[in-house]
Structure formats: C-alpha cells, structure tokens
Amino acid sequence: MRLSSLKGVNCAKKAVAVLSAVALCSTMTITTTISNSQKVDAAATANSTLIFSDEFNGSSLNTNKWVCEIGNGSGGWGNNELEYYTNRSENVYVSDGSLHIRARNEGYNGYNYTSARLKTQDKFYFQYGHIECRMAIPSGQGIWPAFWMLGQNIGSVGWPRCGEIDIMEAINAENKVYGTCHWDSNGHAEYGRSTGNFDITQYHTYVCDWDSQFIRMYVDGNMYYEINITNSTGSTEEFHNKFFLLFNVAVGGNWPGFSVDNSRFPQELKVDYVRVYQDNLNYTSNIGNAVDGNSGNNNNNNNNNNNNNSGSQPSNTGSGDVYIYQDANYGGRSASLGLGNYNLASLQAKGFRNDDLSSIKVPWGYKVTMYADDNFSGATKVVNGDTSYVGNDWNDRVSSIKVEKALYKIVNRHSGLCLDVSGGSPDNGANVQQWTDNGTNAQKWMVSFNSSDSTYVITSALSGRALDMGGWSRDNGGNAIMWDNNNTDNQRWYLTGVDNGYTFFINKYSNKALDVEGWSTAAGGNVHQWDYLAQANQQWKFIQVN
C-alpha cells in the first residue's frame with residue numbers, strides 16, 4: 001500500500017494468504033522464463049498518441065517533469081516506513097540512459113536510511129491510457145520499490161477516495177511483483193494480484209492498460225492482473241478521474257516488515273524509460289512539452305489538452321459483461337451484451353452491422369459463439385477471453401452471437417478427481433465430494449464475479465445452487481454443501497491462480513481453503529474447509545467442458 005502523508009490511517013497490508021487470495025482473472029502464472037503465461041497484446045494502438053515520456057537520456061533529473069518528495073511523511077508515509085526521502089544526487093540521479101533511485105544505509109536527519117520518491121503531481125496527470133515502463137528492481141529483506149499512480153485530487157478528497165493504482169510493487173527478496181488497486185467503498189477497498197516467480201532484478205517491461213472498463217497489468221506482455229471498473233462497479237468511480245505517476249524505493253514498513261538486511265545496500269531501482277499513450281486525449285501538462293525530445297514523438301499542444309477529448313469514447317448501448325467493438329484493439333463503436341442470443345436485428349439495434357465487428361472482450365466465466373450468418377447459422381467461432389482481433393477469417397463477418405455461461409469441471413490436483421454433488425442431488429444441503437470424471441451435470445459448474453469485493457460464487461449446473469460453507473462454519477472441517485444462491489459471504493470465494501492452471505479457493509466468511517478431507521484419493525472423498533496451507537489437496541483446476 002502506497003500512501004501520501006496521511007494521519008490516522010491504518011496502512012497495514014492484509015495477511016499474504018488473504019491479499020493473494022483474490023478474484024481469478026486468469027490462471028496464468030509468470031515463471032522464470034515467463035513461458036507459462038499467455039502472450040497478449042499489451043501495446044499502444046495504431047491510433048495512440050504519446051503524451052508523456054522520459055527516456056532519461058540526459059545527465060540530470062528533469063525537474064520540469066518530476067517533483068522529489070522530501071522527508072518521512074506522516075507515520076512513515078502512512079506505512080511506518082524507515083527511510084528519509086531526499087532530492088540529493090546520492091539518492092536520485094540520471095546516468096547511462098537510466099533513472100537511478102538509490103536507497104542507502106546511512107544516518108540522515110535522525111533516520112538510518114535514505115532514498116527517493118518522485119512524482120508528476122501538478123505537472124502531468126491524465127485519465128486513461130497505456131502506461132509503459134522498462135526497469136530493473138532491487139531485491140533484499142526490507143526493500144519495497146514501487147511504480148504507481150495516485151488520483152490528482154488527493155489534496156481535496158484524501159486517500160483512499162482519490163484512488164491508487166500500483167502497477168508494480170515488490171517486497172523483500174521475493175522473485176515476483178504485485179499489482180493492486182485501492183479505492184473507497186464505505187472504507188478502504190483493495191484488489192491485488194501477484195505474478196509467479198521470475199528474476200525481477202533484470203530489466204523487464206511493465207505495462208498498465210487503463211480504460212473506462214478495465215485496468216490490466218502486464219510483465220513483458222503477459223497479463224497478470226485485471227479489474228473491472230465499468231460503470232464504476234463496486235464503487236470504483238475513483239478510477240475514472242485523472243492520475244499522476246510515482247516512483248519510489250521504501251525501506252521497511254508495514255508490508256515488508258521492519259527487519260532490514262543492511263549488507264545489501266546500496267539498493268537501486270533503475271528505470272530505462274517511462275511512456276504514456278492515449279487514444280482519446282484527456283490529460284493535463286504544465287510541462288510545456290510533456291514528451292521527451294529524445295522519444296521521437298513530440299506533441300507541442302499538450303498545454304491545450306485539459307479535459308480535451310479528441311475523438312469519442314466508446315459508448316455502451318446495453319447492459320452486460322461482454323463487449324463487442326467495431327475496430328481491432330477494442331477501438332471504435334462498442335456495445336455490451338448480457339446473457340442471451342443476438343441475431344442480426346438485435347445487433348443492428350445496438351448499432352452494429354454484419355460487417356463491422358473486429359474485437360471482443362469476454363470475461364472469464366463466459367462463452368461467446370459468433371456465427372457467420374443470421375439466426376445462429378453458418379460457420380462458428382467460440383471466444384472465451386479478450387480477443388483484440390478476431391482474425392482475418394472473422395473480421396467484419398459476424399452476423400449473430402450467443403452469450404452463455406461457460407461450464408467447467410473442477411479437478412483436484414492431488415487426487416485427479418472432480419468436484420461433485422453427492423448422488424446428483426438437486427436439494428439444499430446436498431453434500432459436496434470428489435468423484436471420478438463422469439461428465440454429468442453434478443460435475444459441471446459456473447462462476448459469477450462479484451466486483452464489489454472481487455469474489456466468485458460457484459454454482460452447480462445441476463441445480464443452480466451455490467457452493468456453500470454449511471452452517472456458516474468458520475471451523476477447520478466445516479463441510480461444503482449446496483444451498484440456494486443467496487450470494488452471502490459463506491458462498492463467496494476468493495480465487496488465486498498458481499502454476500499449471502491450478503487455483504486455491506478461499507472462503508470469504510471463514511478465510512479457510514476448500515480442501516479434500518484427509519488427502520483422500522478415493523471417489524467419495526469428502527470436501528470441506530481447512531486452514532490455507534498451499535498444498536495439493538487444496539488446489540483445483542477449472543477445465544471448460546462446453
């Protein structure tokens with residue numbers, strides 16, 4: 001968590017099991033070679049304009065673009081951090097084409113560590129864009145580097161009402177990074193997700209794609225984070241305002257803890273470049289020329305773009321979680337589709353013809369079938385995820401569409417058996433077990449996302465009832481049953497992806513993991529809850545079956 005100087009704010013991170021046990025946006029995991037992650041389009045579009053960059057090609061920090069914050073803030077910047085930030089060349093300098101933020105173990109103004117924290121507040125801030133940064137990250141016990149954004153209105157509304165987007169945070173000697181969004185929903189709300197392991201000390205490209213519908217984060221083109229902010233769902237209105245950029249390296253604090261490996265200093269965050277692109281210009285710059293002259297793309301009209309939108313933002317003409325777009329890379333005219341069947345007349349009523357659909361966004365848990373002909377006939381193509389381009393064979397060809405829930409079997413990693421409703425019972429209170437894969441509806445499941453708290457409800461295709469912790473149990477051994485879908489906390493599950501597509505289920509009410517009792521590998525082995533231990537009998541894989 002990254003705060004400005006705030007008093008009386010509880011800045012503690014949640015326990016790791018809770019922090020990482022968040023909504024499953026994908027089951028992709030970044031490995032050392034990042035080979036297990038799906039490569040996705042994390043680049044600015046052909047219509048994008050470079051509105052801000054710093055290539056750090058000079059010999060000193062450009063103070064027309066960056067402000068150095070000084071001191072330790074209030075309460076260690078709200079996090080009980082141990083460092084004192086300075087603007088000295090010992091802590092922040094530009095050399096060899098990179099920005100260097102250096103944390104040092106030294107006595108200074110009553111503190112044992114110094115470092116630097118830079119921001120573009122009041123100099124450059126923007127609403128929506130493609131934010132890209134290439135950097136190498138320090139690693140060591142007590143080290144906490146970050147590349148992040150805060151709402152420009154923080155001075156008037158405070159935190160968390162200003163909103164916060166953490167594009168990259170790393171702590172201690174972990175070989176992974178975290179992406180997190182913070183906002184106000186009758187109090188502090190957050191949704192965070194981490195990558196798998198990779199060498200963070202080498203240069204990698206970190207990207208945030210932020211638009212009116214989603215915030216997505218990537219490492220080297222591999223998406224590891226997504227949050228839906230469409231229509232300010234889940235009280236996320238903060239993320240439709242303007243934000244500014246920050247870099248810093250903290251030492252110690254509530255999240256990394258207060259044990260610091262002094263043998264690892266000095267520690268440096270090295271930034272090769274940072275760039276911001278927009279398709280529909282909406283930013284403010286007091287820099288004069290926001291784009292670095294060495295970038296090769298100057299925009300000399302930056303001072304005139306406060307609240308300026310050149311071109312129209314996509315408008316939704318219906319309600320639903322699936323979005324279709326006229327142009328590739330989610331550009332041009334758009335419309336949203338809920339569950340149901342849309343023939344050519346339905347699509348035309350939403351402003352689409354049969355010759356202008358080029359990209360589509362499909363959240364996890366949905367299946368979309370596109371048809372070449374009207375009334376769901378002719379050639380078909382199934383889409384289960386965001387598709388920035390439907391391909392030359394389907395571009396400008398779709399004439400009708402079906403939107404339905406995806407059906408999954410859920411397989412336990414330890415036993416290889418499927419999550420199953422015992423006896424195929426459709427009744428309230430039916431027990432949940434594991435069983436040999438038989439393809440029946442007792443083993444078919446659907447997922448529904450709660451954007452308010454980033455949880456999922458898991459419902460049975462057999463009965464429509466929800467996977468439930470019986471009796472609102474918080475105890476180890478509390479039994480998993482089926483019950484009417486009330487969307488209550490004992491039916492809400494945080495899902496976090498691990499390697500090879502497996503996932504942990506953490507119950508929101510009990511904070512315990514869905515577990516196969518006694519490490520059973522037998523058909524009929526009972527499914528209950530237990531302390532989260534990150535073990536194989538608590539890992540499950542969703543495999544789509546429709």
Side-chain angles (χ1 to χ4, degrees), residues 25-26 28 38-48 128 130 209 211-214 216 221 223 226 228-231 233 279-280 311-408 446-449 461 542-546:
C25 296
S26 72
M28 297 179 290
Q38 178 184 345
K39 192 75 173 180
V40 296
D41 182 6
T45 69
N47 295 323
S48 296
Y128 310 140
H130 173 91
D209 278 335
D211 60 28
S212 62
Q213 297 166 9
F214 292 96
R216 295 183 170 99
M223 186 175 73
E226 176 182 280
N228 185 349
I229 60 170
T230 305
N231 297 322
T233 182
D279 290 341
N280 299 295
S312 59
Q313 295 281 358
S315 61
N316 300 319
T317 58
S319 60
D321 294 326
V322 172
Y323 288 84
I324 57 176
Y325 297 84
Q326 176 188 18
D327 299 333
N329 296 310
Y330 319 118
R333 186 187 308 111
S334 73
S336 64
L337 307 178
L339 292 171
N341 300 332
Y342 299 84
N343 61 14
L344 182 57
S346 299
L347 294 176
Q348 288 173 337
K350 291 179 174 290
F352 275 77
R353 301 183 298 276
N354 63 334
D355 60 351
D356 62 355
L357 190 155
S358 298
S359 57
I360 185 169
K361 290 184 177 181
V362 182
W364 184 68
Y366 286 86
K367 173 188 175 183
V368 173
T369 305
M370 303 186 302
Y371 295 83
D373 299 333
D374 191 15
N375 294 314
F376 322 108
S377 59
T380 63
K381 182 174 184 175
V382 174
V383 182
N384 293 309
D386 291 357
T387 304
S388 59
Y389 182 56
V390 294
N392 291 332
D393 54 337
W394 279 89
N395 186 41
D396 298 338
R397 186 182 174 194
V398 178
S399 295
S400 51
I401 295 175
K402 286 186 178 180
V403 179
E404 57 189 311
K405 297 293 286 187
L407 296 176
Y408 302 94
M446 297 173 288
V447 297
S448 298
F449 182 57
F542 288 84
I543 300 174
Q544 190 170 337
V545 295
N546 66 332

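Predicted model only: the values in this text are computed from it and were never measured.
- Separation of atoms CD (Q326) and CG (L357) is listed at 9.5 Å; rounding is to 0.5 Å.
- Under 3.5 Å, the side chains of D321 and Y366 contain a donor-acceptor pair of N or O atoms.
- Heavy atoms only, all atoms of each residue included: K405 and S448 are closest at NZ-OG, 3.6 Å.
- Here the CD1 atom belonging to I324 is positioned 4.5 Å from the CD1 atom belonging to I401, to the nearest 0.5 angstrom.
- Aromatic rings from F449 and W364 are positioned such that their centres are separated by 6.0 Å or more.
- Going from atom CG of L347 over to atom CG of D374 covers 8.5 Å, rounded to the nearest 0.5 Å.
- Side-chain contact annotation: T233 with N231, donor-acceptor N/O pair under 3.5 Å absent.
- Of all the heavy atoms in Y330 and D386, the pair that sits closest is OH-CB, 3.4 Å.
- By the side-chain contact (heavy atoms from CB on, under 4.5 Å) test, S377 pairs with D373, sequence neighbours left out.
- In this view, N546 and Q544 satisfy the side-chain hydrogen bond (donor to acceptor under 3.5 Å, both in side chains) rule, not counting sequence neighbours.
- Across all their heavy atoms, S359 and G331 have their closest contact at OG-N, 4.4 Å.
- Applying the side-chain contact (heavy atoms from CB on, under 4.5 Å) test to N341 and every residue at least two apart in sequence or in another chain returns F376, K402.
- Of all heavy-atom pairs between N375 and S400, the closest is N-OG, 3.7 Å.
- Between Y408 and M446 the shortest side-chain heavy-atom distance does not fall below 4.5 Å.
- Two residues are said to be in side-chain contact when any heavy atoms from C-beta on lie closer than 4.5 Å; F214 and I229 fail this criterion.
- A donor-acceptor pair under 3.5 Å is absent between the side-chain atoms of K381 and the main chain of V398, judged by distance alone.
- To the nearest 0.5 Å, atoms CZ (R216) and NZ (K361) are separated by 4.5 Å.
- Rounding to the nearest 0.5 Å places CG of D211 at 12.5 Å from NE2 of H130.
- With sequence neighbours left out, the side-chain hydrogen bond (donor to acceptor under 3.5 Å, both in side chains) criterion links N392 to Y389.
- Y371 pairs by the side-chain hydrogen bond (donor to acceptor under 3.5 Å, both in side chains) definition with nothing, not counting sequence neighbours.
- Nearest heavy-atom pair across T230 and N228 is OG1-OD1, 2.7 Å.
- Contact check for N329 versus S388: side-chain heavy atoms found under the 4.5 Å cut-off.
- Remark: N395 pairs with S358 by the side-chain hydrogen bond (donor to acceptor under 3.5 Å, both in side chains) rule, at least two apart or across chains.
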Exercise. Please walk me through it: do V368 and I360 pass side chain to side chain contact (heavy atoms under 4.5 Å, CB included)?
Worked result: CA-CA 10 Å; V368 173; I360 185 169; 3.8 Å; yes

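- A distance of 4.5 Å separates CD in E404 from NZ in K367, rounded to the nearest 0.5 Å.
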